[in-house]
Visitor: 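One structure coming up, written as structure tokens, with questions to follow.
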Amino acid sequence: MTFSPYVLFRRGTLPYSALTGLVPTQTWALLDEADHHDRQRTALAADLEQALHDAIPDLPPTDRAAALAVRRAVHNDRPLPKPPATLPHSCREQADQWARSRQRSADLRAEAQTCHDGELDTARKVLAEVARTPDFQAGLQLSGADLHREVSAYAADPYDRRRKAARRRRAESTIVSYAYRVALKPSPFGTFTEIGAHPWTGHPGGTGGRVSTARLNLGLVAWLADALRRVDGADRLFRIRLNHTLTVDGDRVLFLRPLDRVVSARYGDLVRLLQQTLGDDGLPEHELHRLLPADTVDNLVKLGLCHRDLGLPDQTLRPAEAVADLVRPILGERHADGFDRLQRIEDEFAGADVARRAVLLDDLTDQVQRISGEPPQAEAMRAAIYEDVGTHAPSATWRPDVLEANRDGLALFQRLLPLLDDATMTRLGLYRLFTRTFGTAAGPVDLLRFYQVFDALTPDETAALMTGADDPHAVLIRRHRTDFYRRLQDGRLGATDGDRILVDPRLLHDFLAGLPTASPAWRSTAYRVQFGTADGQTLAVVNGVTTGHGVFFSRFCDLLRRTGPGDWDLGTAVGAHLHRTGPRQTDITATLGLNFNLHPRLTPYELLYPGSVARPAATGVLTLADVTVVADPDRRRLRLLSRRDGAPLDLVPLNFLYPAAAPPPYRFLCGFAPTRTYRGGLWEQTDRAHPHDAPPHRPRVMLGDLVLDRRTWRIPIDELPRPDGLDAFDRWWRGRGLPRTAFFRIVAPPPDGPRDLISETRRWALEARTARLHKPHFLDVRNPFLLSVLDRQARACPDGSLMVQECLPAVGKDAAEEFFVEHDLDGDHADD
């Protein structure tokens, strides 16, 4: 068991202390004092009612009604009528004390209301100050022009009485939502977050400057480049390349189209001619026209046997410049100029201030319209530029000793993960399909032939296969999964200590020993962790898990590159580690037009996705035609082999693309790769498996010093009161035993009917489009702005539920830091 020798961290660029002025502290001090009087008065009321009950029978009949009125007022907490003079002195003193307490409470609440209005004005000033900070402005600017414009107008004058109340509330909610996410839940987006990296042992030393990269949207540049096909002479610019998946099978050829399926065609003279003339690099289209009519070439491209493009590698870091360099000698300076200007915008953007960036973005829009010949769609321009911000400064909360002391716990958790991960079902389904078609003892089968079998399935058959329906091995794994959840909740995996489940490593080890071989541990796992303390114990809080193998680190290797003599460099460290621990690790060469899939070459091998272009002079590049499939009956899984040397390939796509959002062939390939489908914590996995049985409260789950999941509550939205009063919601919240500060997420109701691949993919796509409703949001129930965010989101999903998780680690004055670490198991303990 080892940790990879590199660590990545991310932290917000806004400290939490900048937001403390948003809580009306003086107002709450007054309300807390009023609550104290209320509690005191409640105790007085019980004694007073009993004293009145005892005294009334001895009063003159004419005074009994007045005494009863006093008792009713006390019981109903209403203004007290004058007590009759015939009441005992002690009883009247109690009544006076009760009345004074009630009046004091009312005075405090009235003072709180007055104070609240003043503090709210001060809080709006704080919001405006936050919104005016350069990092916040720049981040919002890339989130959308309309959003940035509205927030900037608010920041310029938060008290503008000409602004409609609804617009003011919307701007305030926007600032608050972004600000707390930046401070407490940093995710890599522009200037909102800094990304850093260092060796496992800590900061390597050297200068600690900030770095930034801004890149044009790859998909946008590709679309603009394709628009050049309408220009006269474009057939001299665009190249025709042979589909590199082409496989000869007797008198037929097979090839895979990038977006959908395998095509079988006759292996005739036309295909032989294409093989001879196009080779590996292809030809300019006009040269091929000397051999074939233009209509024939167009049909070959439509069929997918050939590709028409500029031949640029997928991992081109400066695509606008590359296009300009190709265009200039062929189509002339006029057509190259637009792409040159795009590249200058990209180069200038990272170092520009917000005002200059606005000019550059306007210029970018003009250039896009000029090149394409049509006004760009707003959605295309909303993410026209991506920015990542890195830092070479040290992290503040890194605690490797906590992780090293709990490596046995991480290894146990790593053994458990495949049991909870639906990707296990996908691999079992692919194995079953392969062996049902070709048998368990079949020799290597062409990958394209197997994909052809897979592609022939109906949607229902695909869903059943990929979810393990009717597969006895999948049924067995689900049975073990349900058993784990029950053991965890019933205390059979450890003791319950207050509001914590303390998992016993020995009990967990014994449970894991009984798991089937079809569920081997993940060999390399990346953990997202934060460090904090609770009850005097230093904890490593696991925020999430995903596949290791350098995947999450790859995106930031270019950002954090250091080239000075003796400098530690993330890309060098990741590449060296992967070559040492995964000598057959194979990336997929495909960005699919997505910037977050850009990364340097880090693995020993790469597999060309249909239509993709490898880096110039790249070694270890395979095509799908070079890959075969064999069955491993001992582990009920499939292995990929290289046709070139017969050795296995460990397919691990180094990208951030969730498979459900990819084309079908890409999703199919991901079935041979480590998982990307495990989402959420233990309790969320439990709820996903048993959506109708979620209890209202679950305790914290701990394994040693590891927090595997936080305390979690679920509340139906229709039980949630509106936060109309100053303190009514606070009292209701505390009455449910919920913490003042927490993170919440709106959870849609579970779908009716069986869960299958199609419905889950559709559900994932819907959640991706409405991500703001599904990401955790910070909540302080004494912050009126955050309560407004909660109310707005809750009302958008009235039939859903509110999932609340404890804020662990607790908030501090600085921005939160989250670390990504990799933990590896050797081949004797893991899926290798």
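Side chains included, hydrogens not; waters and symmetry mates left out as well; all remaining heavy atoms used.
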Visitor: Indicate the atoms forming the closest heavy-atom contact of L560 with A197, along with that distance.
Guide: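 Minimum heavy-atom contact is CD1-CB, 3.7 Å.
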
Visitor: Parallel, tilted or perpendicular, judged at 30° and 60°: which one describes the rings of F450 and F672?
Guide: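 The arrangement is perpendicular - the two ring planes meet at more than 60°.
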
Visitor: Tell me the closest heavy-atom pair linking G571 and C557, and the distance in Å.
Guide: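 Closest heavy-atom pair between G571 and C557: CA-SG, 3.5 Å.
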
Visitor: Could you pull out all donor-acceptor pairs under 3.5 Å where a side-chain atom in residues 178-188 meets a protein atom, sequence neighbours excluded?
Guide:
residue	atom	partner	partner atom	Å
Y180	OH	N783	ND2	2.9
R181	NH2	P776	O	2.5

Visitor: By salt bridge (Lys or Arg N to Asp or Glu O under 4.0 Å), which residues pair with D709, not counting sequence neighbours?
Guide: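 Not a single residue meets the salt bridge (Lys or Arg N to Asp or Glu O under 4.0 Å) criterion with D709.
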
Visitor: Looking only at side-chain N and O atoms, does H577 offer a donor or acceptor that is under 3.5 Å from a partner on D824?
Guide: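 Note: D824 and H577 side chains meet the donor-acceptor criterion.
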
Visitor: Do side-chain atoms of E822 reach the backbone of S524 as a donor and acceptor pair under 3.5 angstrom?
Guide: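 No, because the side chain of E822 does not come within donor-acceptor range (under 3.5 Å) of the backbone of S524.
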
Visitor: Hey, are the side chains of R667 and M466 touching, using non-hydrogen atoms and a 4.5 Å cut-off?
Guide: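 No; the side chains remain at least 4.5 Å from each other.
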
Visitor: Could you tell me whether F192 and F136 have their ring centroids closer than 6.0 angstrom?
Guide: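 Yes: the rings meet the under 6.0 Å criterion.
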
Visitor: Considering only heavy atoms from C-beta outward, does the side chain of L224 approach that of L342 to under 4.5 Å?
Guide: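 When only atoms from C-beta onward are counted, L342 and L224 do touch, with a gap below 4.5 Å.
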
Visitor: Can a donor-acceptor pair be found, under 3.5 Å and without considering hydrogens, that links the side chain of N243 to the backbone of H307?
Guide: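 Absent.
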
Visitor: With F819, which of F552, F531, Y527, W200 fulfils ring pair (Phe, Tyr, Trp, His ring centres under 6.0 Å)?
Guide: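 Running ring pair (Phe, Tyr, Trp, His ring centres under 6.0 Å) over F552, F531, Y527, W200 with F819 returns exactly one hit, F531.
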
Visitor: Could you tell me whether the side chain of L607 reaches within less than 4.5 Å of the side chain of L649, counting heavy atoms only?
Guide: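 No, too far: nothing below the 4.5 Å cut-off.
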
Visitor: If we ignore angles and hydrogens, is there a donor and acceptor under 3.5 Å between the side chains of T603 and D587?
Guide: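 No donor-acceptor contact under 3.5 Å links the two side chains.
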
Visitor: Run through H148, E348, Q137, E387 and flag the one making a side-chain hydrogen bond (donor to acceptor under 3.5 Å, both in side chains) with R357.
Guide: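 By the side-chain hydrogen bond (donor to acceptor under 3.5 Å, both in side chains) criterion, R357 pairs with just one of H148, E348, Q137, E387: E387.
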
Visitor: Between the side chain of Q585 and the main-chain N/O of H549, is any donor-acceptor distance below 3.5 Å?
Guide: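 Confirmed, Q585 side chain pairs with H549 backbone.
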
Visitor: Please examine the side chains of F668 and L447, heavy atoms only from C-beta on, and report whether any two atoms are closer than 4.5 Å.
Guide: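 In contact.
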
Visitor: Between Y6, F553, W398, W568, which is the residue that forms a ring pair (Phe, Tyr, Trp, His ring centres under 6.0 Å) with H198?
Guide: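 Checked Y6, F553, W398, W568 against H198; only one passes ring pair (Phe, Tyr, Trp, His ring centres under 6.0 Å): W398.
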
Visitor: Evaluate the ring planes of Y451 and F454, with Trp represented by its six-membered ring, and classify them as parallel (under 30°), tilted (30 to 60°) or perpendicular (over 60°).
Guide: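 Plane angle between 30° and 60°, so tilted.
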
Visitor: Within a 6.0 Å radius of atom CZ on R261, are there more than 12 heavy atoms belonging to other residues, nucleotides or ligands?
Guide: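 Count not over threshold, so no.
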
Visitor: Establish, yes or no, whether the cationic atom of R584 lies under 6.0 Å from the six-membered ring centre of Y605 and within 45° of the ring axis.
Guide: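 Yes, a cation-pi geometry.
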
Visitor: List in chain and number order the residues that pass side chain to side chain contact (heavy atoms under 4.5 Å, CB included) with P663, two or more places apart in sequence or in another chain; answer none if no residue qualifies.
Guide: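 Result, side chain to side chain contact (heavy atoms under 4.5 Å, CB included) vs P663: L259, L592, Y609, P665, Y666.
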
Visitor: Does any non-hydrogen side-chain atom of R427 lie less than 4.5 Å from one of L638?
Guide: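 The answer is no; the side chains never approach within 4.5 Å.
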
Visitor: Using only heavy-atom distances, determine whether the side chains of D422 and T467 contain a donor-acceptor pair under 3.5 Å.
Guide: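 Their side chains do not contain a donor-acceptor pair, so the 3.5 Å distance test is not met.
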
Visitor: Can T525 and Q414 be counted as having a side-chain donor-acceptor contact under 3.5 angstrom?
Guide: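 Distance-only check passes for T525 and Q414.
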
